[in-house]
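Report on the structure given below.
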Amino acid sequence: MGTRRITMTPGARRVLAAASRLFYAHGIHAVGVDLIASEAGVTKKTLYDRFGSKEQIVVEYLADRDERWRAFLTERLDRVEPGSVDRVLTVFDASQAWMTESSPKGCSMVNAHAEISDPSHPAHAIITGQKEWMLALFADLVREFAAARADGSARTLMLLHEGAMVAHGLRVFPDPIGHARALAAELLADADGSRTPGQDAP
């Protein structure tokens, strides 16, 4: 994405760990560098020596979340044989696990975008880049078994997935990700030649 990153020293990792907890729990704008430095057990001078600015801490926070999510999802997709609807449904299963383990307040990228909508902000490209990657991933997964439907289905799957992420964070109704998964299975039921009509998704 061309976004500048820094080399992580032990001090920088402590700052990033503290900032990540605080940003996700309280929001990016609500958390100042004084609090981050205090939580990390470093001086403000150390913080600025390592990162240069709060903006760069935000970049590292979101980039780290993005990298961990992609690795988390890829590891699960690698367990599933290519060429079926099951690979698409694995994305929803992974999201369910990720939200339970790491994101009880909803998607960190969606939450961050509510505060960072200016395309000139250095973290903006990370936020939009993750969502572009997800859209391309859905298209690639559908293309494995229904190439003609890949682009259109990917957009619908993306809407289901992202809507579920938001609903999860808002806690509007129980199990939005499971609901979105079931709708995704219905959407793609007739596209997978390996699944017989009426067969339930796993």
Please tell me if the side chains of D49 and T43 come closer than 4.5 Å, counting only heavy atoms from C-beta onward. no
Do I36 and F23 have side chains that get closer than 4.5 Å, going by heavy atoms? yes
Does S103 form a side-chain hydrogen bond (donor to acceptor under 3.5 Å, both in side chains) with R65? I'd like the steps, not just the answer. CA-CA 10 Å; S103 298; R65 297 269 311 190; 2.5 Å; yes
Would you say [Y] ends up clustered with [X] if hydrophobic residues are merged whenever their side chains have heavy atoms under 4.5 Å apart, either directly or through other cluster members?
X	Y	answer
V42	V33	yes
W69	V80	no
V91	V110	no

Please report the interatomic distance [atom1]([X]) to [atom2]([Y]), rounded to the nearest 0.5 Å.
X	Y	atom1	atom2	value
F72	R70	CZ	CZ	15.5 Å
L183	T156	CG	OG1	11.0 Å
T46	F51	OG1	CZ	11.0 Å
M109	H113	CE	NE2	12.0 Å
L62	Y24	CG	OH	12.0 Å

Test side chain to side chain contact (heavy atoms under 4.5 Å, CB included) on C107 and K131; report intermediate values, then the result. CA-CA 11 Å; C107 174; K131 301 311 179 184; 3.2 Å; yes
Applying the side chain to side chain contact (heavy atoms under 4.5 Å, CB included) criterion to V142, which one of V88, D151, L137 satisfies it? V88
With a cut-off of 6.0 Å (strictly less than), are more than 12 heavy atoms of other residues, nucleotides or ligands near CZ of R155? no
Enclosure of H179 NE2 (heavy-atom neighbours >12, cutoff 6.0 Å): no
Between R50 and E60, is there a side-chain N and carboxylate O pair less than 4.0 Å apart? no
Could R87 and F145 be counted as a cation-pi pair, given that NZ or CZ must be under 6.0 Å from the ring centre and within 45° of the axis? no
For the pair I177 and M165, evaluate side chain to side chain contact (heavy atoms under 4.5 Å, CB included) and give the outcome as yes or no after the intermediate values. CA-CA 7 Å; I177 300 173; M165 300 298 101; 3.6 Å; yes
On the 0 to 90° scale, with breaks at 30° and 60°, tag the F92-H161 ring pair as parallel, tilted or perpendicular. perpendicular
Residue pair S84, E144: steps toward the side chain to side chain contact (heavy atoms under 4.5 Å, CB included) verdict: CA-CA 7 Å; S84 76; E144 292 176 359; over 6 Å; no
